[in-house]
Amino acid sequence: MNIGIDKIGFATGQYVLHLEDLAQARDTNPEKLSKGLLLKELSITPVTEDIVTLGATAAEDILTDEDRAAIDMVIVATESGIDQSKAAAVFIHSLLDINPFARSFELKEACYSATAALDYAKLHVSAHPTSKVLVIASDIARYGIKASGEPTQGAGSIAMLVTANPRILIFNDDNVAQTRNIMDFWRPNYSTTPFVDGMFSTRQYLDCLKTTWAEYQKRTGLALKDFSAYCFHLPYPKLALKGLKQIMDKSLSEEQQIQLQENFDSSILYSQKVGNIYTGSLFLGLLSLLENSKHLKAGDQIILFSYGSGAVAEIFSANLVEGYEKQLRTDRLAALDRRSRLTVAEYEAMFFEPVKLDETASTKFTGYENQTYALTEISEHKRVYQKVLAHD
Ligand code: HMG
């Protein structure tokens, strides 16, 4: 049975910080960010937008009433959860009005966990072929004002519907994972921002790519020539470009090398304007590739490298389905260009706004009129979400 991704949705913040503005405010050469990191803009969210509202909005983008009735599992992969106990998936299940007899839960391992969620979804559908599983990767990446990772922040959510006979991608059964216990990036419960050993993290990313890719090739007998495109986890696109150069097989024809490079360029277009969205980054790269590549065709094999600090890495592949382009959008870059541009002072105030609760541990928010879903209030420690706008 063919199992894979039937639909992909995406949501991000409605505000944007241009990195040339950040560079000026931080007295940094703008080319360090545009060429050194290959980043242009970052999506910024207000306090009324979180992983629940972004996740529900990304799913709203793709679900029909029939899907809502057939989904029997909702998995939210995140490392910026809003509660230590209650899963964001439970809020999202309710906001989307999904079949009550569904299983909903959250998964965590830094930026990696959506990959595990997809594999679990695949196993579930293989046992229950009429099931549909909603996998949502949702995160807000906040490093802090003037932190070394500040230009690599971002916010966004990817929703993927995993089914039998999918209309976009069929998963192959070739996943190779690696776990290594390192402290390259982590966020203790008492901290709102992560601790990062930046240079160490980049070396670990590249070494996990090298060693997992070598093991993948050994186990499957496949090589780079067997793939039309390589998608990478994108903490910032320049690191993935280093990854591509590291594994580029010089025995490929010049034409194959150019095609891999051009497909890579297509895969980073959205991340260059959104920033790191942690669990969703790899899949934002996949979506960007599928919606912007001029080379892809049905039957092409795509390989994906997932990396989550801490660290877990995984490489797996999928094949493009005939007619896949009918499930995609062509207006995504234009939508990103409609975000409201913030000054650096506005970004600092909005992205790091603390929630102030009254003596009953409550507060009501305003200013969410343009969101599809919003955190509208906190009432006696309980987060209250509402649908605000019908999705276009
Ligand atoms: P930095 O201070 O920007 O580092 O921090 P840099 O001084 O090395 O500069 C970056 C690049 O800009 C260098 O290029 C410079 O040469 C270049 P490279 O040597 O790498 O090729 N540069 C210039 N280029 C053109 N014109 C100029 C210029 N000046 C300098 N004028 C760092 C970079 C990644 C450390 C920082 O952004 C950071 O801490 N980021 C957060 C951590 C991170 O993203 N790590 C990636 C691997 S870990 C991962 O992927 C997991 C993660 O997503 C989290 C999770 O799993 O949950 C992060």
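First listed ligand is number 1; within each ligand, the first listed atom is number 1.
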Hey, are Arg339 and Glu41 close enough for a salt bridge, meaning a charged N less than 4.0 Å from a carboxylate O? yes
Give me the nearest non-hydrogen protein atom to atom 20 (O) of ligand 1 as residue plus atom name, then the distance to 0.1 Å. Lys242 NZ, 2.4 Å
Which residue owns the protein heavy atom closest to atom 22 (N) of ligand 1, what's the atom, and how far is it? Lys32 CG, 3.9 Å
Give the atoms of ligand 1, by number and element, whose distance to some non-hydrogen atom of Gly198 is under 4.0 Å. 35 (C), 39 (O)
Which is it for Tyr236 and ligand 1 at heavy atoms under 4.0 Å: side chain, backbone, both or neither? side chain
Assess the side chains of Asp83 and Ser85: does a donor N or O sit below 3.5 Å from an acceptor N or O? no
What residue among Val52, Leu96, Val76 forms side-chain contact (heavy atoms from CB on, under 4.5 Å) with Phe91? Val52
Do the non-hydrogen side-chain atoms of Pro166 and Ile170 ever get within less than 4.5 Å of each other? yes
What about Tyr278: any of its N or O atoms under 3.5 Å from an N or O on ligand 1? no
Ser309-ligand 1 polar pair, N/O distance under 3.5 Å: yes
Numbering as shown, the atoms of ligand 1 that approach Gly308 to under 4.0 Å (heavy-atom distance): 56 (O)
Can the ring centroids of Tyr368 and Tyr385 be said to lie less than 6.0 angstrom from one another? no
Enumerated ligand 1 atoms positioned under 4.0 Å from heavy atoms of Asn29: 31 (N)
Can a salt bridge be assigned to the pair Lys132 and Asp6 using a cut-off of 4.0 Å between side-chain N and carboxylate O? no
Nearest protein heavy-atom contact for atom 52 (C) of ligand 1: which residue, which atom, what distance? Cys111 SG, 3.6 Å
For ligand 1, which atoms, with element, lie under 4.0 Å from some heavy atom of Thr152? 37 (O), 40 (N), 41 (C)
Hey, which atoms in ligand 1 end up nearer than 4.0 Å to a heavy atom of Val196? 42 (C)
Can you find an N/O atom of Lys35 closer than 3.5 Å to an N/O atom of ligand 1? no
Between Arg329 and Asp61, is there a salt bridge with N-O shorter than 4.0 Å? yes
Checking heavy-atom distances from atom 58 (C) of ligand 1 to each of Tyr205, Tyr112, Tyr143, the winner is Tyr143
Short list, please: which atoms of ligand 1 are under 4.0 Å from a heavy atom of Glu79? 55 (C), 57 (O)
Close approach of Glu150 to ligand 1, heavy atoms, under 4.0 angstrom: no
Out of Lys238, Gln204, Glu31, Lys108, the nearest non-hydrogen contact to atom 26 (N) of ligand 1 is supplied by Glu31
For the aromatic rings, using the six-membered ring if either is Trp, is the centroid distance between Phe351 and Tyr143 under 6.0 Å? no
Parallel, tilted or perpendicular: ring planes of Tyr230 versus Phe232, cut at 30 and 60 degrees: parallel
Could any protein non-hydrogen atom be found less than 4.0 Å from atom 55 (C) of ligand 1? yes
Check: Thr202 N/O within less than 3.5 Å of ligand 1 N/O: no
Protein residue, atom and distance nearest to atom 13 (C) of ligand 1, heavy-atom basis: Gly36 O, 4.6 Å
Take a 6.0 Å sphere around CD of Gln24 and say whether it holds more than 12 heavy atoms from other residues, nucleotides or ligands. no
Which of the atoms of ligand 1 are close to Ala110, meaning less than 4.0 Å from one of its heavy atoms? 55 (C), 56 (O), 57 (O)
Under 3.5 Å: N/O of Ser201 near N/O of ligand 1: yes
Selection from His233, Arg203, Met199 by shortest heavy-atom distance to atom 8 (O) of ligand 1: Met199
Is atom 38 (C) of ligand 1 close to the protein, meaning a heavy atom under 4.0 Å from it? yes
Look at Asp184 together with Arg203 and state whether they make a salt bridge at an N to O cut-off of under 4.0 Å. no
Qualifying residue, where the test is side-chain contact (heavy atoms from CB on, under 4.5 Å) with Tyr373 and the options are Glu49, Lys387, Gln386: Lys387
Check whether any side-chain heavy atom of Arg142 sits under 4.5 Å from a side-chain heavy atom of Thr45, and report yes or no. yes
